[in-house]
Engineer: 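Just passing along the structure, written as C-alpha coordinates.
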Amino acid sequence: MTGTSEVVTREVVSPDGARVHVLDHRTTGDGDLPTLVLAHGWTLDQSSWARVVSALQQRHAVRVVTYDQPGHGLSTLGRGRRATVRDLGETLRAVLCEVVPDGPLVLGGHSMGGMTVMAYAGAHPDELHERARGVLLMATTPELASLRRPIRGEGVVMGLQSVLPSAVPSLPMSRDMVRRATFGADEPDPRDLAHVMSMGRATSARATGRYFSALQGHDEIGSLRVFAGIPTVVLAGERDRLTPARWSRMYHERIPGAALDVVPRAGHMLAYEATDRVVEHLEDLLLGRPLRSSPTP
(Lines give C-alpha, C1' and ligand atoms only; values in the text may rest on other atoms or scores of the structure.)
Protein backbone atom coordinates (compact mmCIF):
# COMPACT_ATOMS: atom_id res chain seq x y z
CA MET A 1 0.00 0.00 0.00
CA THR A 2 1.32 3.46 -0.90
CA GLY A 3 0.96 6.74 0.98
CA THR A 4 -1.95 9.15 0.84
CA SER A 5 -3.25 10.48 -2.45
CA GLU A 6 -4.99 13.62 -3.68
CA VAL A 7 -6.67 14.61 -6.92
CA VAL A 8 -6.07 18.08 -8.31
CA THR A 9 -8.47 19.41 -10.94
CA ARG A 10 -7.05 21.43 -13.81
CA GLU A 11 -8.38 23.03 -16.98
CA VAL A 12 -6.30 23.10 -20.15
CA VAL A 13 -7.26 24.92 -23.34
CA SER A 14 -6.54 22.88 -26.46
CA PRO A 15 -5.24 24.46 -29.68
CA ASP A 16 -8.78 24.44 -31.14
CA GLY A 17 -10.22 26.17 -28.09
CA ALA A 18 -11.71 23.22 -26.20
CA ARG A 19 -11.67 23.61 -22.42
CA VAL A 20 -10.30 20.28 -21.24
CA HIS A 21 -11.09 18.90 -17.79
CA VAL A 22 -7.98 17.27 -16.30
CA LEU A 23 -7.54 15.25 -13.11
CA ASP A 24 -4.04 15.01 -11.64
CA HIS A 25 -3.95 11.98 -9.31
CA ARG A 26 -0.96 12.45 -6.99
CA THR A 27 0.44 10.23 -4.26
CA THR A 28 2.95 10.80 -1.50
CA GLY A 29 6.06 8.69 -1.32
CA ASP A 30 8.51 7.62 -3.98
CA GLY A 31 8.41 10.00 -6.95
CA ASP A 32 10.92 8.21 -9.16
CA LEU A 33 8.41 6.56 -11.49
CA PRO A 34 7.35 8.13 -14.79
CA THR A 35 4.06 10.00 -14.83
CA LEU A 36 1.27 7.95 -16.38
CA VAL A 37 -1.09 9.81 -18.74
CA LEU A 38 -4.27 8.02 -19.86
CA ALA A 39 -6.65 8.88 -22.72
CA HIS A 40 -10.17 7.42 -22.89
CA GLY A 41 -12.41 6.27 -25.73
CA TRP A 42 -15.35 7.57 -27.75
CA THR A 43 -18.51 8.42 -25.75
CA LEU A 44 -16.72 7.64 -22.47
CA ASP A 45 -14.90 9.95 -20.06
CA GLN A 46 -11.86 9.90 -17.79
CA SER A 47 -13.74 7.96 -15.10
CA SER A 48 -13.53 4.88 -17.33
CA TRP A 49 -9.94 4.63 -16.05
CA ALA A 50 -10.90 5.00 -12.36
CA ARG A 51 -10.58 1.33 -11.40
CA VAL A 52 -7.16 1.06 -13.08
CA VAL A 53 -5.90 4.24 -11.42
CA SER A 54 -7.08 3.10 -7.99
CA ALA A 55 -5.56 -0.38 -8.30
CA LEU A 56 -2.27 0.97 -9.60
CA GLN A 57 -1.91 3.61 -6.88
CA GLN A 58 -2.62 1.00 -4.20
CA ARG A 59 0.54 -0.76 -5.38
CA HIS A 60 2.80 2.14 -6.33
CA ALA A 61 3.32 5.82 -5.57
CA VAL A 62 2.78 6.88 -9.15
CA ARG A 63 1.38 10.12 -10.47
CA VAL A 64 -1.47 9.56 -12.94
CA VAL A 65 -3.09 12.17 -15.19
CA THR A 66 -6.49 11.50 -16.75
CA TYR A 67 -8.65 13.90 -18.74
CA ASP A 68 -11.94 14.18 -20.58
CA GLN A 69 -11.51 14.26 -24.34
CA PRO A 70 -13.07 17.37 -25.99
CA GLY A 71 -16.85 17.13 -26.02
CA HIS A 72 -16.81 14.31 -23.47
CA GLY A 73 -17.37 14.41 -19.72
CA LEU A 74 -16.75 17.94 -18.45
CA SER A 75 -14.72 19.10 -21.46
CA THR A 76 -16.19 21.39 -24.11
CA LEU A 77 -15.94 20.93 -27.85
CA GLY A 78 -13.39 22.95 -29.77
CA ARG A 79 -14.05 25.50 -32.48
CA GLY A 80 -15.21 24.46 -35.90
CA ARG A 81 -17.67 21.86 -37.13
CA ARG A 82 -15.14 19.23 -38.15
CA ALA A 83 -13.03 17.23 -35.70
CA THR A 84 -10.09 14.93 -36.42
CA VAL A 85 -8.10 12.44 -34.41
CA ARG A 86 -5.04 14.59 -35.09
CA ASP A 87 -6.89 17.32 -33.14
CA LEU A 88 -7.09 14.88 -30.24
CA GLY A 89 -3.36 14.28 -30.52
CA GLU A 90 -2.81 18.02 -30.19
CA THR A 91 -5.13 18.08 -27.17
CA LEU A 92 -2.99 15.38 -25.56
CA ARG A 93 0.09 17.45 -26.28
CA ALA A 94 -1.55 20.51 -24.67
CA VAL A 95 -2.29 18.45 -21.53
CA LEU A 96 1.32 17.27 -21.42
CA CYS A 97 2.73 20.77 -21.90
CA GLU A 98 0.53 22.32 -19.22
CA VAL A 99 0.26 19.57 -16.61
CA VAL A 100 3.39 17.43 -17.10
CA PRO A 101 5.84 19.74 -18.88
CA ASP A 102 8.93 17.69 -18.11
CA GLY A 103 10.10 14.30 -16.91
CA PRO A 104 9.55 10.77 -18.18
CA LEU A 105 6.11 9.54 -19.22
CA VAL A 106 4.15 6.39 -19.85
CA LEU A 107 1.22 6.94 -22.22
CA GLY A 108 -1.89 4.76 -22.32
CA GLY A 109 -4.88 4.97 -24.61
CA HIS A 110 -8.11 2.98 -24.88
CA SER A 111 -9.96 2.83 -28.21
CA MET A 112 -10.17 6.45 -29.43
CA GLY A 113 -7.62 7.22 -26.72
CA GLY A 114 -5.19 4.77 -28.32
CA MET A 115 -5.77 6.52 -31.64
CA THR A 116 -5.04 9.79 -29.83
CA VAL A 117 -1.66 8.47 -28.69
CA MET A 118 -0.89 7.31 -32.25
CA ALA A 119 -1.79 10.74 -33.61
CA TYR A 120 0.43 12.46 -31.06
CA ALA A 121 3.29 10.11 -31.93
CA GLY A 122 2.87 10.75 -35.65
CA ALA A 123 2.87 14.53 -35.24
CA HIS A 124 5.56 14.77 -32.57
CA PRO A 125 7.92 11.77 -32.86
CA ASP A 126 10.91 13.54 -31.33
CA GLU A 127 8.94 14.53 -28.24
CA LEU A 128 7.67 10.98 -27.87
CA HIS A 129 11.15 9.48 -28.00
CA GLU A 130 12.56 12.10 -25.66
CA ARG A 131 10.04 11.48 -22.89
CA ALA A 132 8.12 8.21 -23.31
CA ARG A 133 9.35 5.22 -21.32
CA GLY A 134 6.44 3.08 -22.46
CA VAL A 135 3.14 3.00 -24.34
CA LEU A 136 -0.04 0.96 -23.82
CA LEU A 137 -2.34 0.71 -26.85
CA MET A 138 -5.54 -0.92 -25.62
CA ALA A 139 -8.50 -2.11 -27.72
CA THR A 140 -7.65 0.28 -30.52
CA THR A 141 -6.58 0.48 -34.16
CA PRO A 142 -4.43 2.70 -36.38
CA GLU A 143 -7.25 3.02 -38.95
CA LEU A 144 -10.85 2.01 -39.58
CA ALA A 145 -11.83 2.67 -43.17
CA SER A 146 -10.38 -0.49 -44.71
CA LEU A 147 -11.25 -2.74 -41.76
CA ARG A 148 -14.79 -1.93 -40.72
CA ARG A 149 -17.97 -2.51 -42.71
CA PRO A 150 -20.28 0.49 -42.23
CA ILE A 151 -23.80 -0.04 -40.92
CA ARG A 152 -26.39 1.15 -43.39
CA GLY A 153 -27.51 4.69 -42.64
CA GLU A 154 -25.06 5.31 -39.81
CA GLY A 155 -23.23 8.05 -41.69
CA VAL A 156 -26.44 10.01 -42.21
CA VAL A 157 -27.49 9.61 -38.58
CA MET A 158 -24.10 10.60 -37.21
CA GLY A 159 -23.87 13.51 -39.62
CA LEU A 160 -27.22 14.84 -38.41
CA GLN A 161 -26.17 14.43 -34.79
CA SER A 162 -22.97 16.38 -35.42
CA VAL A 163 -24.89 19.60 -36.22
CA LEU A 164 -27.48 19.43 -33.45
CA PRO A 165 -27.36 21.96 -30.58
CA SER A 166 -24.82 21.05 -27.93
CA ALA A 167 -27.54 20.49 -25.30
CA VAL A 168 -29.19 17.68 -27.28
CA PRO A 169 -28.23 14.22 -25.95
CA SER A 170 -27.03 11.46 -28.22
CA LEU A 171 -29.48 8.88 -29.49
CA PRO A 172 -30.08 6.29 -26.74
CA MET A 173 -28.86 2.71 -27.01
CA SER A 174 -30.53 -0.20 -25.30
CA ARG A 175 -28.87 -2.08 -22.48
CA ASP A 176 -28.50 -5.15 -24.67
CA MET A 177 -26.92 -3.18 -27.52
CA VAL A 178 -24.33 -1.65 -25.20
CA ARG A 179 -23.63 -4.99 -23.54
CA ARG A 180 -23.07 -6.78 -26.85
CA ALA A 181 -20.95 -3.99 -28.30
CA THR A 182 -18.66 -3.35 -25.36
CA PHE A 183 -18.41 -6.39 -23.07
CA GLY A 184 -17.18 -9.91 -23.73
CA ALA A 185 -19.14 -11.54 -20.92
CA ASP A 186 -22.76 -12.46 -21.55
CA GLU A 187 -23.62 -11.08 -18.12
CA PRO A 188 -21.14 -8.34 -17.19
CA ASP A 189 -21.25 -6.72 -13.77
CA PRO A 190 -24.45 -4.60 -13.83
CA ARG A 191 -22.60 -1.69 -12.23
CA ASP A 192 -20.00 -1.69 -15.02
CA LEU A 193 -22.65 -1.80 -17.71
CA ALA A 194 -24.59 1.00 -16.01
CA HIS A 195 -21.45 3.16 -15.83
CA VAL A 196 -20.66 2.70 -19.51
CA MET A 197 -24.26 3.54 -20.43
CA SER A 198 -24.24 6.64 -18.23
CA MET A 199 -21.11 7.98 -19.92
CA GLY A 200 -22.70 7.43 -23.32
CA ARG A 201 -25.89 9.23 -22.29
CA ALA A 202 -23.85 12.15 -20.97
CA THR A 203 -22.07 12.64 -24.31
CA SER A 204 -23.92 15.10 -26.53
CA ALA A 205 -25.25 14.20 -29.96
CA ARG A 206 -22.92 16.80 -31.44
CA ALA A 207 -19.78 15.29 -29.87
CA THR A 208 -20.92 11.76 -30.69
CA GLY A 209 -21.44 12.61 -34.35
CA ARG A 210 -18.34 14.71 -34.82
CA TYR A 211 -15.97 12.19 -33.31
CA PHE A 212 -17.64 9.32 -35.13
CA SER A 213 -16.69 11.11 -38.34
CA ALA A 214 -13.20 11.75 -36.98
CA LEU A 215 -12.72 8.04 -36.30
CA GLN A 216 -13.76 7.13 -39.85
CA GLY A 217 -11.04 9.41 -41.22
CA HIS A 218 -8.39 8.23 -38.77
CA ASP A 219 -5.26 6.77 -40.40
CA GLU A 220 -2.04 6.52 -38.43
CA ILE A 221 -0.59 3.36 -39.97
CA GLY A 222 2.45 5.36 -40.99
CA SER A 223 2.90 6.51 -37.40
CA LEU A 224 3.31 3.00 -35.98
CA ARG A 225 7.00 2.93 -36.89
CA VAL A 226 7.52 5.84 -34.49
CA PHE A 227 6.98 3.45 -31.56
CA ALA A 228 10.05 1.39 -32.53
CA GLY A 229 12.53 1.55 -29.66
CA ILE A 230 9.86 2.46 -27.09
CA PRO A 231 8.49 -0.40 -24.93
CA THR A 232 4.98 -0.84 -26.31
CA VAL A 233 2.16 -3.18 -25.32
CA VAL A 234 -0.76 -3.91 -27.66
CA LEU A 235 -3.65 -5.18 -25.53
CA ALA A 236 -6.84 -6.64 -27.01
CA GLY A 237 -9.95 -8.52 -25.94
CA GLU A 238 -10.66 -11.87 -27.54
CA ARG A 239 -14.36 -11.00 -27.88
CA ASP A 240 -14.01 -7.32 -28.76
CA ARG A 241 -16.65 -6.50 -31.39
CA LEU A 242 -15.64 -2.86 -31.87
CA THR A 243 -11.89 -3.25 -32.43
CA PRO A 244 -11.46 -7.00 -32.97
CA ALA A 245 -8.35 -8.77 -31.76
CA ARG A 246 -7.40 -9.65 -35.34
CA TRP A 247 -6.91 -5.94 -36.01
CA SER A 248 -4.52 -5.74 -33.04
CA ARG A 249 -2.59 -8.74 -34.35
CA MET A 250 -2.21 -7.03 -37.72
CA TYR A 251 -0.94 -3.69 -36.49
CA HIS A 252 1.19 -5.20 -33.72
CA GLU A 253 3.39 -6.66 -36.45
CA ARG A 254 4.21 -3.13 -37.63
CA ILE A 255 5.73 -2.12 -34.26
CA PRO A 256 9.16 -3.74 -33.84
CA GLY A 257 9.61 -5.25 -30.40
CA ALA A 258 6.04 -4.62 -29.23
CA ALA A 259 4.29 -7.12 -26.96
CA LEU A 260 0.84 -8.45 -27.85
CA ASP A 261 -1.62 -9.69 -25.24
CA VAL A 262 -5.09 -10.96 -26.18
CA VAL A 263 -7.28 -11.38 -23.09
CA PRO A 264 -9.52 -14.47 -23.18
CA ARG A 265 -13.30 -13.89 -23.08
CA ALA A 266 -12.86 -10.12 -22.71
CA GLY A 267 -14.51 -7.49 -24.88
CA HIS A 268 -13.79 -3.84 -25.58
CA MET A 269 -13.94 -2.57 -21.99
CA LEU A 270 -10.70 -4.07 -20.73
CA ALA A 271 -10.35 -1.58 -17.87
CA TYR A 272 -13.48 -3.22 -16.39
CA GLU A 273 -13.22 -6.84 -17.48
CA ALA A 274 -9.43 -7.25 -17.13
CA THR A 275 -8.39 -4.58 -14.64
CA ASP A 276 -5.54 -6.62 -13.14
CA ARG A 277 -4.18 -7.44 -16.60
CA VAL A 278 -4.17 -3.76 -17.55
CA VAL A 279 -2.48 -2.80 -14.29
CA GLU A 280 0.20 -5.47 -14.70
CA HIS A 281 1.13 -4.19 -18.13
CA LEU A 282 1.27 -0.61 -16.87
CA GLU A 283 3.48 -1.76 -14.01
CA ASP A 284 5.87 -3.39 -16.47
CA LEU A 285 6.09 -0.16 -18.46
CA LEU A 286 6.48 2.08 -15.40
CA LEU A 287 9.10 -0.12 -13.74
CA GLY A 288 10.98 -0.95 -16.93
CA ARG A 289 10.35 -4.68 -16.58
CA PRO A 290 10.38 -7.12 -19.53
CA LEU A 291 7.12 -7.03 -21.45
CA ARG A 292 4.78 -10.00 -21.45
CA SER A 293 3.02 -11.40 -24.50
CA SER A 294 0.08 -13.77 -24.79
CA PRO A 295 -1.08 -13.49 -28.39
CA THR A 296 -3.26 -16.59 -28.35
CA PRO A 297 -5.92 -16.71 -25.61
Side-chain angles (χ1 to χ4, degrees), residues 1-3 5 23 25-27 29-41 44 46-66 104-111 113-114 116-118 132-141 182-185 188-189 191-192 195-196 227 229-240 243-245 247-249 251-252 255-297:
M1 181 71 70
T2 64
S5 62
L23 295 184
H25 310 256
R26 295 173 173 266
T27 63
D30 187 359
D32 293 337
L33 294 178
T35 298
L36 174 62
V37 181
L38 299 171
H40 69 78
L44 303 176
Q46 59 79 26
S47 68
S48 62
W49 287 108
R51 188 177 300 173
V52 170
V53 174
S54 176
L56 190 61
Q57 290 191 326
Q58 287 180 35
R59 304 185 191 186
H60 304 280
V62 57
R63 182 187 180 193
V64 183
V65 174
T66 60
L105 301 168
V106 168
L107 301 178
H110 169 239
S111 196
T116 299
V117 173
M118 294 176 193
R133 299 297 180 266
V135 172
L136 174 67
L137 300 172
M138 186 169 84
T140 190
T141 178
T182 58
F183 288 91
D189 188 317
R191 294 167 296 181
D192 295 344
H195 186 216
V196 172
F227 295 108
I230 299 172
T232 301
V233 176
V234 174
L235 185 60
E238 179 191 16
R239 297 180 178 176
D240 189 341
T243 54
W247 297 1
S248 294
R249 291 189 175 96
Y251 84 79
H252 158 260
I255 307 176
L260 172 63
D261 186 10
V262 179
V263 183
R265 298 176 297 281
H268 193 64
M269 302 305 295
L270 293 170
Y272 296 80
E273 294 189 284
T275 308
D276 288 345
R277 194 84 153 245
V278 176
V279 169
E280 287 167 2
H281 284 299
L282 289 172
E283 285 181 311
D284 291 344
L285 295 169
L286 289 163
L287 299 171
R289 298 191 306 215
L291 303 183
R292 290 173 272 188
S293 289
S294 182
T296 303

Engineer: Check A271 against V52 and note the closest heavy-atom contact, atom names and distance.
Structural biologist: CB-CG2, 3.9 Å
Engineer: Can a salt bridge be assigned to the pair R249 and D240 using a cut-off of 4.0 Å between side-chain N and carboxylate O?
Structural biologist: no
Engineer: Evaluate the side-chain proximity of V234 to Y251: yes if any heavy-atom separation is below 4.5 Å, no if none is.
Structural biologist: yes
Engineer: Quick one: closest heavy-atom pair of G184 and R239, and the distance?
Structural biologist: O-NH1, 3.3 Å
Engineer: What verdict does the side chain to side chain contact (heavy atoms under 4.5 Å, CB included) test give for D284 and R292, after you've listed the backbone C-alpha separation in whole Å, the side-chain angles of each residue and the deciding distance to 0.1 Å?
Structural biologist: CA-CA 8 Å; D284 291 344; R292 290 173 272 188; 3.0 Å; yes
Engineer: Could you work out, with ring-ring contact (aromatic ring centres under 6.0 Å, His included) as the rule, every residue matching H268, not counting sequence neighbours?
Structural biologist: H110
Engineer: Can you measure from CG (L282) to CG (L287) and round to the nearest 0.5 angstrom?
Structural biologist: 10.5 Å
Engineer: State, yes or no, whether a side-chain contact exists between P34 and L286 at a heavy-atom distance under 4.5 Å.
Structural biologist: yes
Engineer: Does a sphere of radius 6.0 Å around CZ in R289 hold more than 12 heavy atoms from other residues, nucleotides or ligands, not counting ones at 6.0 Å or beyond?
Structural biologist: yes
Engineer: Would a 4.5 Å heavy-atom cut-off, applied to side chains only, mark L285 and V135 as touching?
Structural biologist: no
Engineer: Going from OG1 on T141 to CE on M118, what distance comes out if it is rounded to the nearest 0.5 angstrom?
Structural biologist: 6.5 Å
Engineer: Looking only at heavy atoms, which two atoms of E273 and T182 are closest? And how far apart?
Structural biologist: OE1-O, 4.2 Å
Engineer: Which heavy-atom pair separates L291 from A259 by the least distance, and what is that distance?
Structural biologist: CB-CB, 3.8 Å
Engineer: Ignoring hydrogens and geometry, is there a side-chain-to-backbone donor-acceptor pair from T35 to R63 under 3.5 Å?
Structural biologist: no
Engineer: Return the NE2 to CG distance between H60 and L33, rounded to the nearest 0.5 Å.
Structural biologist: 7.5 Å
Engineer: Among Q58, Q57, R51, which residue meets the side chain to side chain donor-acceptor pair (under 3.5 Å) test with S54?
Structural biologist: Q58
Engineer: Contact between L38 and V53 at the side-chain level, heavy atoms closer than 4.5 Å - yes or no?
Structural biologist: yes
Engineer: So which heavy atom on S48 is nearest to which on H40, and how close?
Structural biologist: OG-CB, 3.6 Å
Engineer: Check the pair R59 / D276 against salt bridge (Lys or Arg N to Asp or Glu O under 4.0 Å), numbers first and verdict last.
Structural biologist: CA-CA 11 Å; R59 304 185 191 186; D276 288 345; 3.8 Å; yes
Engineer: Just verifying a value: how many Å separate H281 NE2 and S293 OG, rounded to the nearest 0.5 Å?
Structural biologist: 8.0 Å
Engineer: Hey, does V64 have a side-chain heavy atom less than 4.5 Å from the side chain of W49?
Structural biologist: no
Engineer: Report yes if some heavy atom in the side chain of L137 is under 4.5 Å from a heavy atom in the side chain of I255; otherwise report no.
Structural biologist: yes
Engineer: Do H25 and T66 have side-chain N/O donor and acceptor atoms under 3.5 Å apart?
Structural biologist: yes
Engineer: Measuring from T243:OG1 to M138:CE, what's the distance to the nearest 0.5 Å?
Structural biologist: 9.5 Å
Engineer: Is there side-chain contact between L36 and V106, with heavy atoms separated by less than 4.5 Å?
Structural biologist: yes
Engineer: Return the CG to CD distance between L235 and E280, rounded to the nearest 0.5 Å.
Structural biologist: 10.5 Å
Engineer: Please report the shortest heavy-atom distance between A258 and H252, naming the atom on each side.
Structural biologist: O-NE2, 2.8 Å
